[in-house]
Amino acid sequence: MVSETEHNSIAVQPMSAFEAEALPHMDDLFRAAVRMLQDHGKASDAVQEVYLVAWKSFGKYERGTNCKAWLFQILFNVVRHERRNWFKWITGKEEDLAEAQLAAPAPIPDTLTDGNILAALDKLPGQFREALLLVDVEEFSYKEASEILQVPIGTIMSRLNRARGLLRNQLTDVARSYGLFAAGA
């Protein structure tokens, strides 16, 4: 029989392990959620849901592996679920939104502000923004990003290429509006 002191010690160990491994990534998760959902309130709710799911399944998590990648995978599942519910509510159908077919143009000038870049990032279609956030912002490898999003590595590479091209196009247009011109433009 386990004494009350031993029981409390057992209960505290998983909590402290969870806090040590998972909580340091909260800001990264929130920042990515804001970029994906484009709403601070929804992002906050999504991150709370991530931590609830993570806590409930922390016993399945292999300590010593990439906790940040594991949490991002949960985040992307939470966001997908939210989008499916929203789309189903709007259309009455359970489908995913179609990808936009857009072309990638010329290089961008390096005189743009962070605000310009974030605004252009927010305009990217969700699938492209997700790949860009994971690889270029959060610095996950292609393999890790493919595992998080549950798509093949080739799909990550394709989405990343398209995202970078779309971002380049948007930022070139912003630069032109400021009277700046990209080389060769």
Locate the shortest heavy-atom distance separating [X] from [Y]; write the atom from each residue and the value.
X: L133; Y: A32; result: CD1-O, 3.9 Å
X: A54; Y: W70; result: O-CH2, 3.4 Å
X: L121; Y: L167; result: N-CD1, 3.6 Å
X: F76; Y: M36; result: CE2-SD, 3.1 Å
X: S146; Y: I153; result: OG-CG1, 3.5 Å
X: V135; Y: A145; result: CG2-CB, 3.9 Å

Working to the nearest 0.5 Å, report the span between [atom1] of [X] and [atom2] of [Y].
X: L71; Y: D28; atom1: CG; atom2: CG; answer: 10.0 Å
X: F30; Y: L75; atom1: CZ; atom2: CG; answer: 11.5 Å
X: R80; Y: L149; atom1: CZ; atom2: CG; answer: 5.5 Å
X: K56; Y: L52; atom1: NZ; atom2: CG; answer: 4.5 Å
X: E49; Y: N77; atom1: CD; atom2: CG; answer: 11.0 Å
X: L166; Y: N161; atom1: CG; atom2: CG; answer: 9.5 Å

Going by the rule salt bridge (Lys or Arg N to Asp or Glu O under 4.0 Å), which residues pair with [X] if we only count those two or more places apart in sequence or in a different chain?
X: E21; result: none
X: K123; result: none
X: D45; result: none

| Polar side-chain atom of S141 near backbone of E144 as donor-acceptor pair, under 3.5 Å | yes

| query | Does the Y61 side chain pair with the main chain of C67, one donor and one acceptor, at a distance under 3.5 Å? | reply | yes

| remark: So the ring-ring contact (aromatic ring centres under 6.0 Å, His included) pairs with at least one residue in residues 150-171 (sequence neighbours excluded) are none

| task | Quick one: do T155 and Q127 satisfy side-chain contact (heavy atoms from CB on, under 4.5 Å)? Show the steps, please. | result | CA-CA 10 Å; T155 301; Q127 292 175 326; over 6 Å; no

| message | Run the side-chain contact (heavy atoms from CB on, under 4.5 Å) test on I74 and Y51 for me, step by step, so that the C-alpha distance in whole Å, both residues' side-chain angles and the decisive distance to 0.1 Å come before the verdict. | response | CA-CA 9 Å; I74 295 170; Y51 278 97; over 6 Å; no

| query | Checking side-chain contact (heavy atoms from CB on, under 4.5 Å) for the pair E19/W55: CA distance, chi angles, key distance, verdict? | reply | CA-CA 9 Å; E19 288 174 352; W55 171 245; over 6 Å; no

| message | Among H25, E139, E138, which residue satisfies the side-chain hydrogen bond (donor to acceptor under 3.5 Å, both in side chains) criterion with K68? | response | E138

| said: So I148 and E130, do their side chains get closer than 4.5 Å, heavy atoms only? | reply: no

| task | Please name all residues satisfying ring pair (Phe, Tyr, Trp, His ring centres under 6.0 Å) with F140, sequence neighbours left out, ordered by chain then number. | result | F72

| task | Applying side chain to side chain donor-acceptor pair (under 3.5 Å), name anything that partners D122, two or more places apart in sequence or on another chain. | result | R35

